[in-house]
Amino acid sequence: MIAQNEPAVVTVTQTSYSSTDSVVPPATKTKEGSAPQKAAAKTGADNQGGDKELKMMAKAANEFALKQLAPNREENDKYPFGPYFADVVQKAFELDFFHIMLPEALNGMNLGISALSTVLESICREDSSLGGIIFTTVAAQEILRQAGADPALQRICDSQKAREFLIGLPVFNNPGEVRHLAQARWAAGQCTLSGRIEYMVLGGTAKQALVPVQTPGAAGFSYALVNMEEKGVRKSEPILSLGLHACPAVDVDFDGAKALPIGQEGQGGFYFDKMADRMHAAAAAMSVGQMKGSFREALDYAKKREQGGHAIINWSEVKMILANMAIKITNAEMILEKACQAADAQTPRWEAQSRAAALMIQEMACDVTTDGIQVLGGVGYMKDFGQEKRFRDAKHTQALLGIAPAKKIKFMNEML
Amino acid sequence: MITSSEIKTLCAQAPDFDDIACGLNATKKAPKGMVAETRKVVAIARKFKQEVMQPYTLELDRRMQQDPEHLPWEFVQKANQWGFYSMWIPKSFGGQGYNIPSLSYFLEETASECLALANLIGVHYLAITSIFSTWNIGVISRLCGFVREGEKNNKPCLLSTAITEPNAGTDVEECELVDKGNITCIATKVSGGYVINGTKVFISNGHVSQWHIVIAYADARKPSENVVILAVQNGTRGFSFGRKEHKMGVKGCPASELIFKECFVPDDLVLADPEQHRKAKRAAKETGARFLDYTLAASRAGVSAFGTGAARGAYESALAFALKTEVDGKLLVNHEWAQSMLAEMYKNAALARLSYAEANHANGMYGLFSLLQIKPLYYYFKYLPMAIVDKWIVPFMRLPVATWLFQKLYLDGKKPEAFRRIAGWGSLAKFTGTDAGVKNCHMAVELMGQAGLRQDHKVEKMLRDAKLLQIYEGTNQLNRLNLFKCIAAGQHPQVKVFEYE
Ligand SMILES: Cc1cc2nc3c(=O)[nH]c(=O)nc-3n(C[C@H](O)[C@H](O)[C@H](O)COP(=O)(O)OP(=O)(O)OC[C@H]3O[C@@H](n4cnc5c(N)ncnc54)[C@H](O)[C@@H]3O)c2cc1C
């Protein structure tokens with residue numbers, strides 16, 4: 001529980017989430033026949049293999065976080081006023097952190113959300129910016145797969161460089177909720193983009209981006225994949241933001257940029273929701289990582305710092321703050337594990353469990369990281385420690401996939 | 001039905017009527033002119049906010065992220081030109097003499113735009129408050145004179161307050177803890193003055209101040225009985241600036257390290273020391289506690305106003321966003337859940353405001369500025385021409401008799417009840433206002449989703465800024481404990497505070 005530097009392991013069920021499973025929009029697809037469910041019924045032997053692989057991933061992620069992320073946290077956080085940590089992203093790419101959920105046919109590891117969560121949790125204990133980059137790219141991969149855009153994804157997955165592999169996505173907005181959409185003339189094989197997309201995450205660093213677009217022919221929005229170096233794409237300077245500084249976003253203006261239509265016209269909302277069902281659990285894992293990092297630093301400090309002639313951990317008011325943090329984290333761990341298992345095994349109502357886990361855990365993370373600063377007093381507010389960054393990152397993470405209270409209303413709507 | 005002695009007895013029962021009705025007691029005594037004056041202050045603050053702050057807030061925050069060593073002299077100059085550094089110094093000390101509670105409204109207004117800029121003005125008054133707590137009228141009068149001169153010559157003269165030490169933060173905010181703390185900033189008595197050795201950290205406005213009000217100790221073994229308060233000017237031999245902290249927020253207001261190495265301070269810049277108060281009838285510890293209570297009761301109301309400003313700024317930004325953003329096909333502001341969230345935010349700001357207002361009422365009745373709110377004195381100073389003040393009052397204030405008189409009134413003449421009441425309200429207001437500020441900033445960022453994450457939409461900055469408020473002027477934990485000390489420790493013998501378990 002609340003391990004110090006142990007790898008985070010979320011119990012895994014390996015899935016064979018094949019690219020052809022989810023391409024059909026709701027009208028023509030039933031839940032029962034989905035391959036993920038079949039995957040969930042895989043034998044225990046397979047699962048043991050998955051557990052082993054998962055443990056290795058967890059170890060790799062943990063070592064990576066401690067060696068590559070922790071020492072340069074303050075430096076990397078200076079972006080856009082300091083250099084971008086492209087070399088670290090490349091190393092993470094080489095360790096396959098971006099390939100976790102991709103099927104083998106796409107050079108992937110074919111693991112489930114539990115594996116992704118394990119990696120994200122370890123990374124976000126130290127520096128959530130890389131977590132945000134992984135999250136964004138995997139969310140875009142998921143949308144492409146839901147939309148049956150495997151050939152496009154295949155081309156991306158053939159790249160050997162992280163920058164070419166990354167995919168931009170406005171991952172802090174649900175385009176179905178707040179309709180920040182570019183305009184597109186939709187045609188088979190190619191479309192032309194105009195208008196503006198705000199806060200395109202990785203828009204300035206990834207070679208391509210997935211753009212939510214409004215087309216004249218459909219009420220719902222659609223997706224188009226655009227090469228960000230294409231003519232007609234104008235990017236702003238990196239946006240200065242609350243947290244995840246090294247997971248940068250830009251505003252993008254399109255003026256006649258050519259793009260690839262993704263999936264069916266007007267079905268973007270369906271693809272987004274399908275992606276979000278799974279990725280909510282991954283977002284929750286980021287928050288758990290932030291909480292654990294915050295708690296660890298607070299506990300270490302409270303044992304060393306003396307006030308009133310005693311280590312502050314021994315003032316029961318401080319102990320109470322730490323206790324509340326630990327209780328939240330312990331609960332968050334349990335909730336996350338259950339949500340990941342449910343998502344991978346596709347047990348009934350797994351989508352609701354994944355979303356509920358994220359909503360609850362993200363709130364907890366905002367509380368825990370606020371307290372995490374408080375335990376350190378004045379130094380908690382300073383860049384010299386990791387607490388202020390975790391506080392910003394936790395709040396930032398809460399906005400993944402849309403406005404937090406609107407996500408709650410959506411959750412309720414789904415139940416009705 | 002009830003006799004007057006019954007009324008007296010029953011109202012003295014807990015909660016004492018005078019504890020819960022500071023505002024009610026104060027309004028009947030307060031000069032009416034204070035209201036018009038406070039309206040004027042709010043209007044000035046709004047004008048300043050619109051003309052000076054709004055075009056500058058985000059630019060400064062961005063600049064500070066790019067270059068954390070930058071110092072916002074351009075803003076300090078502007079505030080000085082607007083007269084804000086002498087506006088709340090009493091006329092008898094050469095200031096403009098605006099009523100002190102109106103400072104809180106000013107701080108709320110300016111903080112609702114930018115906490116860093118509001119701090120660049122407000123923190124100066126923390127120092128003004130701390131010098132007044134000593135009632136060493138001669139030194140106070142000199143220091144205030146420098147501020148006024150700085151205003152006339154367009155050379156801003158700000159004061160900072162330095163209490164916190166590397167190993168003692170909470171400990172130096174509470175006289176029950178300070179003797180157990182690891183105190184290292186020592187002022188040693190020498191012929192003609194004191195020599196300071198040690199370091200102070202996190203001192204707001206340090207790098208932009210000309211004078212630093214240093215709270216040091218003559219004896220590290222019993223700091224509570226050996227408080228020495230000194231004024232140190234930039235350029236004094238043995239004094240230097242150390243690092244400037246790199247903070248999460250409030251970036252425009254520097255937090256500075258002050259280093260003292262064999263720094264000699266002459267007697268005429270010593271505001272308080274154990275020798276001055278040796279003759280007093282109370283214990284030496286009690287004098288130190290009174291300085292602290294006077295200062296913190298007033299300054300914590302100011303920090304509460306900062307929190308209220310943050311809470312209000314967050315509400316206003318969230319409302320502006322909700323008025324123009326469609327969510328799920330209709331304006332966000334027309335979703336019932338959003339209306340409820342916005343109402344909650346409004347309520348948080350309103351209750352925070354009430355808390356600082358009540359703390360100010362307590363201070364006006366029993367605290368630092370009670371004399372200034374006595375009607376005849378208030379009007380006398382309000383309408384007295386500055387030339388007369390300069391000719392007669394200011395020189396009088398520099399005479400030893402003035403110090404004797406005010407110390408009799410304020411240090412000897414006040415009952416423990418008064419200190420308990422002002423200190424309790426100061427703490428209550430501090431954590432109420434600042435918790436409200438942080439809460440509302442969280443809510444605003446939540447409500448605005450993606451837009452709330454961007455620095456150019458301001459609320460993310462407000463959240464970064466607001467978090468500081470729960471830490472300085474004593475952490476909110478310390479303030480809760482102090483409130484409990486004030487409301488319960490004297491009344492129930494079994495209550496023990498700050499006792500190690
Ligand atoms: C940006 C900034 C500006 C500041 N400006 C000024 C300034 O202008 N002048 C100045 O003098 N100081 C200033 N401070 C210092 C500030 O007042 C201290 O940071 C604050 O009092 C807390 O002290 P600390 O940081 O040493 O934390 P610590 O005292 O080390 O506290 C750490 C944690 O332990 C808790 N704790 C400690 N002791 C106890 C106890 N006995 N019981 C229960 N809990 C306890 C605290 O609540 C906190 O959660 C500033 C600080 C910051 C960050």
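Naming convention: chains lettered A, B, ... in sequence-line order (proteins, then strands); numbering from 1 in each chain. This structure is a prediction, so every number in the text was calculated from the model and none was measured.
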Between [X] and chain B, which part of the residue has a heavy atom less than 4.5 Å away: side chain, backbone, both or neither?
X: A:Glu198; value: both
X: A:Ala404; value: both
X: A:Leu240; value: both

Report the distance from atom [atom1] of [X] to atom [atom2] of [Y], rounding to the nearest 0.5 Å.
X: B:Asp328; Y: A:Ile409; atom1: CG; atom2: CD1; result: 9.0 Å
X: B:Ile471; Y: A:Met382; atom1: CD1; atom2: CE; result: 7.5 Å
X: A:Gln362; Y: B:Glu446; atom1: CD; atom2: CD; result: 9.5 Å
X: A:Leu400; Y: B:Gln450; atom1: CG; atom2: CD; result: 10.5 Å
X: A:Ile403; Y: B:Leu332; atom1: CD1; atom2: CG; result: 6.0 Å
X: B:Phe498; Y: A:Glu317; atom1: CZ; atom2: CD; result: 10.0 Å

For [X] against [Y], the heavy-atom pair lying closest together:
X: A:Lys395; Y: B:Leu453; result: O-CD2, 4.4 Å
X: A:His245; Y: B:Gln65; result: CE1-OE1, 4.0 Å
X: B:Asp171; Y: A:Gln307; result: N-OE1, 3.0 Å
X: A:Phe391; Y: B:His442; result: CE1-NE2, 3.9 Å
X: A:Lys383; Y: B:Lys247; result: CE-O, 3.5 Å
X: A:Pro405; Y: B:Trp337; result: CB-CZ3, 3.3 Å

Look at [options] and state which one has the largest set of heavy-atom pairs under 4.5 Å with chain A.
options: B:Ala338, B:Ala451, B:Gly329, B:Gly249; answer: B:Gly249
options: B:Glu176, B:Lys180, B:Lys461; answer: B:Lys180
options: B:Arg464, B:His335, B:Met448; answer: B:Arg464
options: B:Leu468, B:Leu177, B:Val445, B:Val327; answer: B:Leu468

Chain A contact via [X] - which portion, at a heavy-atom distance below 4.5 Å:
X: B:Thr325; value: side chain
X: B:Val250; value: both
X: B:Tyr472; value: neither
X: B:Asn182; value: neither
X: B:Lys439; value: neither
X: B:Arg62; value: both

>> I'd like to know which of A:Val379, A:Asp251, A:Leu376 tops the heavy-atom pair count under 4.5 Å against chain B.
In response: A:Asp251
> Can you tell which of A:Glu177, A:Arg392, A:His310 has the highest number of heavy-atom pairs within less than 4.5 Å of chain B?
Replying inline: A:His310
So with a 6.0 Å cut-off around [atom1] of [X], is the heavy-atom count from everything else above 12?
X: B:Arg243; atom1: CZ; result: yes
X: B:Tyr346; atom1: OH; result: no
X: A:Arg196; atom1: CZ; result: yes
X: B:Glu69; atom1: CD; result: yes

> Should A:Phe81 and B:Asp67 be marked as a side chain to side chain contact (heavy atoms under 4.5 Å, CB included) after you check the CA-CA gap, both sets of side-chain angles, and the distance that decides it?
Replying inline: CA-CA 9 Å; A:Phe81 300 120; B:Asp67 172 16; over 6 Å; no
>> Treating A:Gln374 as the side-chain partner and B:Gln470 as the backbone partner, does any N or O pair qualify as donor plus acceptor under 3.5 Å?
In response: yes
> Pick from B:His457, B:Arg454, B:Glu460, B:Gln455: which one makes a side chain to side chain contact (heavy atoms under 4.5 Å, CB included) with A:Leu242?
Replying inline: B:Glu460
